[in-house]
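The structure under discussion appears below in the form of structure tokens.
When a residue number appears, it is its place in the shown sequence, counting from 1. Just so you know, these numbers come straight off a predicted model, no measurement behind them.
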Amino acid sequence: MLPWKEKLKALRAGLGTRNLWLLLLAAGLFALSIAAGSGKKEKEEMPEPVKEPSQEIADNSVAELEGRLKELLSHIKGVGKAEVMITLADQGERIVLKDQKTGTQSLNEVDGAGGSRVSTTSEKEEETVYENSEIPFVTKEYTAQVAGVLIVCEGGADKNIVMDIVSAAEALFNVPAHRIVVLEMK
């Protein structure tokens, strides 16, 4: 057997398969961060990006969801202290009311030789309707979609508790189980 296979087998026996995978994942992420950082020449000062109102609403709603989930998890037997992170797939969407004006004009021309030509012109104009001078009138609002959930808790080593947490997160956020990660807190 090759020496590296023997070392890997010994490492797997000492750490366990799950911890070995986590260690490999951490090493891969570390290597990626080093590779990404080496391309930067000098850190330039960039102005703070201006957040759009929808971005601020999404950030506030994520913080609220994280707090509510953390509170709920603290009431589940065996979970203990927990920290929660939720990521979003999008920022949601607001559909505003638009005043639409359309018009069609037709021109039919006939020449002396018996030929005819029809010209049709249509135009469409949209104008946003405002509640007051600055705020547009919103007709529909779609909330931001949750992309993933990370939960770090004291009871993260117990498989039954982990399954209960994953089931709860699936039900609350309509996120598939492979996008929910539960880890044990140190």
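- The nearest pair of heavy atoms linking Ile180 to Ala169 is CD1-CB, 3.6 Å.
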Review point. Given Lys124 and Gln100, is the side chain to side chain contact (heavy atoms under 4.5 Å, CB included) satisfied, shown in steps?
Key: CA-CA 7 Å; Lys124 181 178 179 182; Gln100 297 180 350; 4.2 Å; yes
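- For Glu83 and Lys70, the salt-bridge test passes: some basic side-chain N is under 4.0 Å from an acidic carboxylate O.
- A heavy-atom distance below 4.5 Å is found between the side chains of Ile165 and Ile161.
- With sequence neighbours left out, the side chain to side chain donor-acceptor pair (under 3.5 Å) criterion links Glu170 to no other residue.
- Using a 4.5 Å cut-off between side-chain heavy atoms of Ile, Leu, Val, Met, Phe, Trp and Tyr, with links allowed through other members, Val152 and Met85 fall into the same hydrophobic cluster.
- Interatomic distance, CZ of Arg94 versus OG1 of Thr139, reported as 11.5 Å (0.5 Å rounding).
- Cluster membership check: Val129 does not share its hydrophobic cluster with Ile95, using side-chain heavy-atom separations under 4.5 Å among Ile, Leu, Val, Met, Phe, Trp and Tyr.
- Looking at every heavy atom in both residues, Ala89 comes nearest to Ala147 through N-CB, 3.6 Å.
- With sequence neighbours excluded, no residue satisfies side chain to side chain contact (heavy atoms under 4.5 Å, CB included) with Lys77.
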Point to revise | Stepwise side chain to side chain contact (heavy atoms under 4.5 Å, CB included) test for Asp111 and Ser116 | key: CA-CA 6 Å; Asp111 63 9; Ser116 66; over 6 Å; no
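- The side chain to side chain donor-acceptor pair (under 3.5 Å) test applied to Lys81 returns no partner, not counting sequence neighbours.
- Annotation: side chain of Thr87 is not in contact with side chain of Val146 (no heavy-atom distance under 4.5 Å).
- Residues passing the side chain to side chain donor-acceptor pair (under 3.5 Å) test with Gln105, sequence neighbours excluded: none.
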Practice item. Go through Phe173 and Leu69 one step at a time and tell me if the side chain to side chain contact (heavy atoms under 4.5 Å, CB included) criterion holds. Key: CA-CA 10 Å; Phe173 302 116; Leu69 181 58; 3.7 Å; yes
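- Linking ILVMFWY side-chain heavy atoms closer than 4.5 Å, directly or via other members, places Tyr130 and Val96 in two distinct hydrophobic clusters.
- Side-chain contact between Leu73 and Ile151: present, with at least one pair of heavy atoms (C-beta onward) separated by less than 4.5 Å.
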Exercise for review: Apply side chain to side chain contact (heavy atoms under 4.5 Å, CB included) to the pair Val166 and Val182, showing each step before the final yes or no.
Suggested key: CA-CA 7 Å; Val166 169; Val182 180; 3.8 Å; yes
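- Counting only heavy atoms from C-beta outward, the side chains of Glu127 and Lys98 never approach each other to under 4.5 Å.
- At a threshold of 4.5 Å between non-hydrogen side-chain atoms, the residues Leu183 and Leu150 count as touching.
- Remark: Glu109 pairs with Arg117 by the side chain to side chain donor-acceptor pair (under 3.5 Å) rule, at least two apart or across chains.
- Separating the CZ atom in Arg68 from the OG atom in Ser61 is a distance of 11.0 Å, to the nearest 0.5 Å.
- For Ala168, the side chain to side chain contact (heavy atoms under 4.5 Å, CB included) test picks out no residue, with sequence neighbours left out.
- To the nearest 0.5 angstrom, Leu65 atom CG is 5.0 Å from Ile86 atom CD1.
- Counting only heavy atoms from C-beta outward, the side chains of Val62 and Leu88 approach each other to under 4.5 Å.
- Enclosure of atom CG in Asn174 is not indicated, since only 12 or fewer non-hydrogen atoms of other residues, nucleotides or ligands lie within 6.0 angstrom.
- For the pair Asn132 (side chain) and Ile135 (backbone), a donor-acceptor distance under 3.5 Å is present.
- Ile76 and Met163 end up in different hydrophobic clusters when Ile, Leu, Val, Met, Phe, Trp and Tyr side chains are linked at under 4.5 Å.
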